[in-house]
Amino acid sequence: MEAGSDEAAGACAVVVAGNGSVDDVKRCLTSLGLVDEVVLVAGDPAPTELPGARVIDLGERLGRPAAVNRAVVTLGPEVAFVLVTEVGVTWDDDAVAALRAAARDTPRAGALVPRLEGSPAPALPGRWVGDALLARMAPDVVTPPADLPGPAVLLRRAALESVGGWDARLAAPFADLDLARRLDEAGWLRVAVPSARAVRDAVPDVPESPAERHAAARRTVGGGPRGIAARALLAARGAGAAGRAGRPAG
């Protein structure tokens, strides 16, 4: 699980997940500066052409977890780090460099999270009868820990692949919590890097449709005591536990 010097110097691919205008995507990419590879995963519809980026047309509106998983499997073996960002996130100058530096300094860091400011996404768009239950199950969805993987995160590819990626059956906030739990259990660290700042604007960048997001939430709370709901509860408790996420950096 230790990262070697070759991995630390490996390529970094940016995966942009979400549905937005070409201008929104370009604004996000411009803020990132020079990167090795850019993959945009979107659907319903995806841009037919985006200079400097490889576009994966999902053909449907999928959640960020499923979209990112699909992108990662297409990356070449030279890619050692995956920067996940939603369309509505813009990055400060040198933010990505600060995350990469923290990754070099912390070989066991599986997820490195910038200081994310701006508009948080609601756990579910619109109103659903289970909203209150979901908020009670995982209050960290409302106020996520600083080191929780989510709409803006640098992931060590070896760490992400070692735990099987995101669980695409879960709604995005719960999939983030679940991923954090599995990274913890596998011995990887989650590191907050406050010197790397990103801003999330209030733009409609949630990839999946409201119907799919609600269906994912129902899968989260369904499945019996040993099913996905139990995993989400464990994730909510474990991912927010102090002392398991490693040290702040930057």
Side-chain angles (χ1 to χ4, degrees), residues 2-18 20-41 50-54 64 67-68 71-72 75-76 78-121 143-160 176 179-180 183 188-203 205 245-250:
E2 293 289 337
S5 58
D6 290 343
E7 183 194 37
C12 177
V14 176
V15 175
V16 184
S21 69
V22 172
D23 287 342
D24 287 336
V25 178
K26 287 181 178 178
R27 182 180 60 153
C28 175
L29 296 182
T30 299
S31 72
L32 287 167
L34 184 64
V35 293
D36 297 308
E37 181 179 2
V38 176
V39 182
L40 171 67
V41 280
L50 188 64
R54 176 163 57 89
R64 169 167 43 82
V68 174
V72 170
L75 299 176
E78 73 282 359
V79 175
F81 294 93
V82 180
L83 183 77
V84 175
T85 178
E86 289 182 356
V87 173
V89 176
T90 54
W91 298 73
D92 276 8
D93 292 342
D94 299 326
V96 177
L99 293 175
R100 293 290 302 270
R104 288 193 298 269
D105 293 342
T106 315
R108 291 177 55 234
L112 300 107
V113 185
R115 173 164 52 94
L116 186 61
E117 300 178 356
S119 301
T143 307
D147 49 19
L148 183 70
V153 59
L154 178 68
L155 292 159
R156 195 179 299 275
R157 186 179 184 181
L160 183 64
D176 298 339
L179 177 61
L183 288 171
W188 296 101
L189 298 178
R190 292 179 285 118
V191 179
V193 188
S195 61
R197 176 179 174 269
V199 178
R200 191 185 200 195
D201 291 338
V203 299
D205 57 6
R247 60 170 180 81

If you compare all heavy atoms of [X] against all heavy atoms of [Y], which two are closest, and at what distance to 0.1 Å?
X	Y	result
A196	A95	CB-O, 3.3 Å
G110	A159	CA-CB, 3.6 Å
F81	R100	CD1-NE, 3.9 Å
L99	P114	CD2-N, 4.0 Å
V89	A152	CG1-CB, 4.2 Å

Next item on the list: Could you give me the CA-CA distance, side-chain angles and deciding distance for T30 and T90, then say whether side chain to side chain contact (heavy atoms under 4.5 Å, CB included) is met?
Entry: CA-CA 8 Å; T30 299; T90 54; over 6 Å; no

Distance in Å, [X] [atom1] paired with [Y] [atom2], rounded so as to fall on 0.5 Å steps:
X	Y	atom1	atom2	result
L154	T85	CG	OG1	11.5 Å
L179	L148	CG	CG	8.5 Å
C28	D23	SG	CG	13.0 Å

Check: Can you list the residues that meet the side-chain hydrogen bond (donor to acceptor under 3.5 Å, both in side chains) rule with R115, with sequence neighbours excluded?
Finding: E117

Looking at side-chain heavy atoms only, is the closest gap between [X] and [Y] below 4.5 Å?
X	Y	result
D36	C12	yes
P149	V84	no
V14	W91	no
L29	L32	yes
V35	L83	no

Next item on the list: State which residue, out of L160, L116, V68, V113, fulfils the side chain to side chain contact (heavy atoms under 4.5 Å, CB included) condition with V153.
Entry: V113

Checklist line | A71: partners by side chain to side chain contact (heavy atoms under 4.5 Å, CB included), with sequence neighbours left out | finding: V15, V39, V41, I56

Note to self: If the condition is side chain to side chain contact (heavy atoms under 4.5 Å, CB included), which residues does A109 pass it with, not counting sequence neighbours?
What the structure shows: T106, L112, R156, V191

Next item on the list: Check whether any side-chain N or O of R157 sits under 3.5 Å from a backbone N or O of V79 as a donor-acceptor pair, and report yes or no.
Entry: yes

